[in-house]
K.L.:
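My questions all concern the structure below.
Protein chains get the first letters and strands the later ones, always in sequence-line order, with residue 1 at the start of each.
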Amino acid sequence: MIKKKIRKLVEETVKNFWGEIKKLNFEVEKPKKEIYGNYSTNVALVLKNKVNLSPLEIAEKIVSKLRDNTFVFEKIEIAPPGFINFWISTNYYIDNLKKILELKEEYGKLDLGKGKRVLIEFVSANPTGPLHIGHGRGAAYGDSLARVLEFTGYKVFREYYINDKGTQMNVLGESVYLRAKELSGEKIQFPEDHYKGKYIYDIAKEALKLYPDLLSLEKEQAIEICRNLAIKLILEDIKKDLENFRVFYDNWYSEDDLYKSGKVEKVLQVLREKDLIYEKEGALWFKSTNFGDEKDRVIIRSNGETTYFAGDIAYHYEKFMERGFDVAINIWGADHHGYIGRLKAALQAFEIDSEKLKIILIQMVNLIEGGEKKSMSTREGEFLELKELVNKVGVDATRFIFLSRSPDSPLDFDVDLAKSKSQENPVYYVQYAHARICSVFEKAKENGIDKIFWENIDLKALNEKEEIELLKKLEEFCEVIESASISFAPHKITYYLLEIAKQFHEYYSKHRILTDDSKLTYARLGLCFACKTILKTGLNLLGVSAPEKM
RNA sequence: GCCCCUGUAGCUCAGUAGGAUAGAGCGCGAGAUUCCUAAUCUCGAGGUCGCAGGUUCGAAUCCUGCCAGGGGCGCCA
């Protein structure tokens, strides 16, 4: 990465002149204006308080040294009030192009993680109904983040936590039971707080088919049957939806199993021994206020039922203490934000560094259809299922749109726009660039240019303005990957891909790749191949396909 | 009342461990195809970065207060 390289060179030079300087926080960045070079640094401005010279004098000294490095720098200038502006030599970029051609899909891989083990838990929707479009955003984000972290040297484990225990499951079972009765012609009263979705009827039908004598059974027993069947069918449906959406897990973790294994009881015992549990009003409370939470939290209700929190404490204890993950990332809907304090408190109770748990909140998804904005509210039954959305829009466009926003930003999903296969839809813009390049290589093949050995190609023929600009853009890829990984922000890759596609399209429309000059043709093919490689790698990190034909 | 997120072009959004004259796409207006994919390209118009203070050589970015929108403040998950 050229940015890193400049930083290192500047640091060395500073050290040379003034020795080790504490807290030297300077920037190397890409200026917006071309007249300020390809990169610039404010180091002289930052140094003025540490060294007894004016920024311009400091800059002068540093530059006098750096100018020697002609392989990297073509030109270095100083601009008031003390910026140092660098122009990078084309040789450097050509050299980088060679690297891309050599490493191909491996180019851009980094070792930020150094093999650290990361658990990413995402979606984890309750098995009480099908996935909707909000879950889709979490799925796209979590999966892409997992891909990015893997690409940058982490050992990633993907997990789905199934809340298959507790009151909600009984409500689910009873909902199915009641619908089964209804289907058999009985008059029923369906409670307001039960699951009203249409899918409940489908499960009820299945239940009646599998257990013809269902309704003659004891009510308790029948409900249990309905409950288990409902969980099974809904989970299968969720799994299928996710697989369709190209999201796969290493593990599906059942809350029910967590209890059956005795781990919850074990963890509560540990808390008891630490004197962090007390009884009040018939319930059992955890002293989360000891660790900065707003209030203490119930873990066993007065009716004897455990809360969701109890299982979560055990689950997270296990993530760190027994399974030994270095980092755990939880991806939640923003509506769960009030839950963070208590979970981090629980970790602290076990003397686990709560910084190891990263909780990412994803803002809401609003649906726009026919120009109308609809909020996704489960309560109102006004929600679009993920599978419907994917059927209408397709996996690629859906994922691309989900990954074109920062998770902090609420997302308006415009279904009509997503469906349109026109210039309005950015995903095709990127994919088209890839397909176009593939098509050029097809054409080249027809002209007898087949197996190309890149190491034998002279790339110095690249000197058009658009070519140099592309070379520079390609060089930024590693930085983008690094930034996406460090800040858990796959959308940075999305934006980068749009930029590189744009530059490629510009280039393509202005210059011919296949020319009469074979030396030039090969060099241009090299550039094209690098663009194609980076587009493919980037799209793959988003979980979007890179088609060869469109 | 408290907590979290958001407020940047007509619309949807990037840009926030401070940097120089604030960006993109869409939409709008005008153009480009005998030639490797027009799902493309070129040009143009479009801004008090919610408001007010503060920190400093320098603030969309950091701090404080306010305004507006969304979400959350259960012995639900």
K.L.:
In whole Å, what is the span from the NZ atom of K443(A) to the C1' atom of U37(B)?
P.N.:
10 Å

K.L.:
What does the list of N/O pairs under 3.5 Å between the protein and nucleotides 56-62 of chain B look like, with a distance for each?
P.N.:
none

K.L.:
G50(B) and A68(B): how far apart are their C1' atoms, nearest whole angstrom?
P.N.:
7 Å

K.L.:
Base, sugar-phosphate alone, or nothing: which one does H511(A) contact when heavy atoms must sit under 4.0 Å apart?
P.N.:
base

K.L.:
Take a 6.0 Å sphere around NZ of K536(A) and say whether it holds more than 12 heavy atoms from other residues, nucleotides or ligands.
P.N.:
no

K.L.:
Validate the cation-pi geometry between K358(A) and F488(A): distance from NZ or CZ to the six-membered ring centre under 6.0 Å, angle to the ring axis within 45°.
P.N.:
no

K.L.:
Dot-bracket, RNA chain B: Watson-Crick or G-U, under 3.5 angstrom, [ ] crossing, | other strand?
P.N.:
(((((((..((((.....[...)))).(((((.......))))).....(((((..]....))))))))))))....

K.L.:
Which part of the nucleic acid, if any, lies within reach of Y339(A) when heavy atoms closer than 4.0 Å are counted: base, sugar-phosphate only, or nothing?
P.N.:
base

K.L.:
Think R301(A) has a side-chain N or O under 4.0 angstrom from the OP1 or OP2 of C76(B)?
P.N.:
yes

K.L.:
OP1 or OP2 of A38(B) sitting under 4.0 Å from any side-chain N/O of Y428(A)?
P.N.:
no

K.L.:
Answer yes if the side chains of Y199(A) and E385(A) hold a donor-acceptor pair under 3.5 Å, and no otherwise.
P.N.:
no

K.L.:
Taking the same atom, P, in A39(B) and in A52(B), what whole-Å distance lies between them?
P.N.:
47 Å

K.L.:
Rounding to the closest angstrom, what is the interatomic distance between U56(B) and G19(B) at atom C1'?
P.N.:
12 Å

K.L.:
Examine A39(B): is either OP1 or OP2 under 4.0 Å from a nitrogen or oxygen in the side chain of H505(A)? Give yes or no.
P.N.:
no

K.L.:
Categorize R405(A) for me: base, sugar-phosphate, or nothing, with a 4.0 angstrom heavy-atom threshold over every strand shown.
P.N.:
sugar-phosphate

K.L.:
For side-chain contact (heavy atoms from CB on, under 4.5 Å), just list the numbers for I481(A) and L541(A), CA-CA rounded to whole Å, side-chain angles, deciding distance to a tenth of an Å, and then say yes or no.
P.N.:
CA-CA 10 Å; I481(A) 296 298; L541(A) 289 171; 3.5 Å; yes

K.L.:
Verify the stacking flag for F83(A) against G19(B): centroid separation must be under 5.5 angstrom and the ring planes must differ by under 30 degrees.
P.N.:
no

K.L.:
Quick one: is A14(B) close enough that its OP1 or OP2 comes under 4.0 Å of any side-chain N or O from S409(A)?
P.N.:
yes

K.L.:
Collect all protein-nucleotide pairs involving nucleotides 32-34 of chain B in which both atoms are nitrogen or oxygen and the distance is under 3.5 Å.
P.N.:
none

K.L.:
Is there a donor and acceptor pair closer than 3.5 Å between the side chain of H337(A) and the base of G72(B)?
P.N.:
no

K.L.:
Which part of the nucleic acid does H491(A) contact within heavy-atom distance under 4.0 Å: base, sugar-phosphate only, or nothing?
P.N.:
sugar-phosphate

K.L.:
Could you measure between the two C1' atoms, the one in C13(B) and the one in U8(B), and give it in whole Å?
P.N.:
9 Å

K.L.:
Restricting both atoms to N or O, compile the protein contacts to nucleotides 8-11 of chain B shorter than 3.5 Å, with distance only.
P.N.:
none

K.L.:
Would R405(A) count as a cation-pi partner of Y141(A), with NZ or CZ less than 6.0 Å from the six-membered ring centre and within 45° of the ring normal?
P.N.:
no

K.L.:
Under 4.0 Å, heavy atoms only, any strand: does F441(A) hit a base, just the sugar-phosphate, or nothing?
P.N.:
nothing

K.L.:
Side chain of E281(A), base of C75(B): donor and acceptor closer than 3.5 Å?
P.N.:
yes

K.L.:
In whole Å, measure the gap between the C1' atoms of U6(B) and U16(B) for me.
P.N.:
14 Å

K.L.:
Can Y36(A) be said to stack with the base of A20(B), given centres closer than 5.5 angstrom and planes under 30 degrees apart?
P.N.:
yes

K.L.:
Find every protein N or O atom lying less than 3.5 Å from an N or O atom of nucleotides 29-31 of chain B, and list the pairs.
P.N.:
none

K.L.:
Quick one: closest heavy-atom pair of I88(A) and N38(A), and the distance?
P.N.:
N-OD1, 2.7 Å

K.L.:
Which residues pass the side chain to side chain contact (heavy atoms under 4.5 Å, CB included) test with I277(A), sequence neighbours left out?
P.N.:
L268(A), L271(A), R272(A), L284(A), I299(A)

K.L.:
Tell whether D312(A) reaches the base of A77(B) with its side chain through a donor-acceptor pair below 3.5 angstrom.
P.N.:
no

K.L.:
Mind checking if E255(A) touches a base, just sugar-phosphate, or nothing, with heavy atoms under 4.0 Å?
P.N.:
nothing

K.L.:
Between P on A77(B) and CZ on F309(A), what's the gap in Å once rounded to a whole number?
P.N.:
12 Å

K.L.:
Quantified in whole Å, what is the C1' atom distance between nucleotide G15(B) and nucleotide A24(B)?
P.N.:
10 Å

K.L.:
Please state whether the base of A20(B) and the side chain of S40(A) form at least one donor-acceptor pair under 3.5 Å?
P.N.:
yes

K.L.:
How is P410(A) classified with respect to the nucleic acid when contacts are heavy atoms under 4.0 Å: base, sugar-phosphate, or nothing?
P.N.:
sugar-phosphate

K.L.:
Test of understanding: with side chain to side chain contact (heavy atoms under 4.5 Å, CB included), list the residues that count as partners of L112(A), not counting sequence neighbours.
P.N.:
L110(A), T152(A), Y154(A), E482(A), S485(A), I486(A)

K.L.:
Under 4.0 Å from OP1 or OP2 of G74(B): is there any side-chain N or O of K295(A) that close?
P.N.:
yes

K.L.:
Any salt bridge (Lys or Arg N to Asp or Glu O under 4.0 Å) involving residues 499-514 of chain A? Give me the pairs, sequence neighbours left out, ordered by first then second residue.
P.N.:
E466(A)-K510(A), K473(A)-E499(A), K502(A)-E506(A)

K.L.:
So, does K549(A) get its side chain near the phosphate of U37(B), meaning an N or O under 4.0 Å from OP1 or OP2?
P.N.:
no

K.L.:
RNA chain B: T41(A) or V440(A), which has the more 5' nearest nucleotide?
P.N.:
T41(A)

K.L.:
Please enumerate all residues that pass side chain to side chain contact (heavy atoms under 4.5 Å, CB included) together with S483(A), with sequence neighbours excluded.
P.N.:
S487(A), K492(A)

K.L.:
I'd like to check the salt bridge (Lys or Arg N to Asp or Glu O under 4.0 Å) partners of E77(A); sequence neighbours left out, ordered by chain and number.
P.N.:
K75(A)

K.L.:
Verify whether one side chain among Q168(A) and N163(A) offers a donor that lies under 3.5 Å from an acceptor in the other.
P.N.:
no

K.L.:
Establish, with yes or no, whether the OP1 or OP2 oxygen of A38(B) is under 4.0 angstrom from a side-chain nitrogen or oxygen of R436(A).
P.N.:
yes

K.L.:
Considering only atom C1', compute the distance from G27(B) to G10(B) and round it to an integer number of Å.
P.N.:
8 Å

K.L.:
Specify the residue among E506(A) and D335(A) whose closest nucleotide of RNA chain B lies further upstream toward the 5′ end.
P.N.:
E506(A)

K.L.:
Please report, rounded to the nearest Å, how far the P atom of C76(B) is from the OH atom of Y195(A).
P.N.:
13 Å

K.L.:
Mind checking E27(A) for me? I need base, sugar-phosphate or nothing, with any heavy atom below 4.0 Å counting as a touch.
P.N.:
sugar-phosphate

K.L.:
Using the ring centroid of each side chain, check whether Y315(A) and Y161(A) are separated by less than 6.0 Å.
P.N.:
yes

K.L.:
If only side-chain N and O atoms of Y432(A) are considered, is one of them under 4.0 Å from the OP1 or OP2 phosphate oxygen of A39(B)?
P.N.:
yes

K.L.:
By side chain to side chain contact (heavy atoms under 4.5 Å, CB included), which residues pair with F441(A), not counting sequence neighbours?
P.N.:
I437(A), I452(A), W454(A), L525(A), C528(A), F529(A)

K.L.:
Taking side chain to side chain donor-acceptor pair (under 3.5 Å) as the test, write out the residues that go with H336(A), two or more places apart.
P.N.:
none

K.L.:
Checking side chain to side chain contact (heavy atoms under 4.5 Å, CB included) against E27(A), which of V43(A), T41(A), N42(A) comes through?
P.N.:
N42(A)

K.L.:
For D293(A), report the nucleic acid contact type (base, sugar-phosphate, nothing); a contact means any heavy atom under 4.0 Å.
P.N.:
nothing

K.L.:
Rounded to whole angstrom, note down the P distance from C51(B) over to G47(B).
P.N.:
15 Å

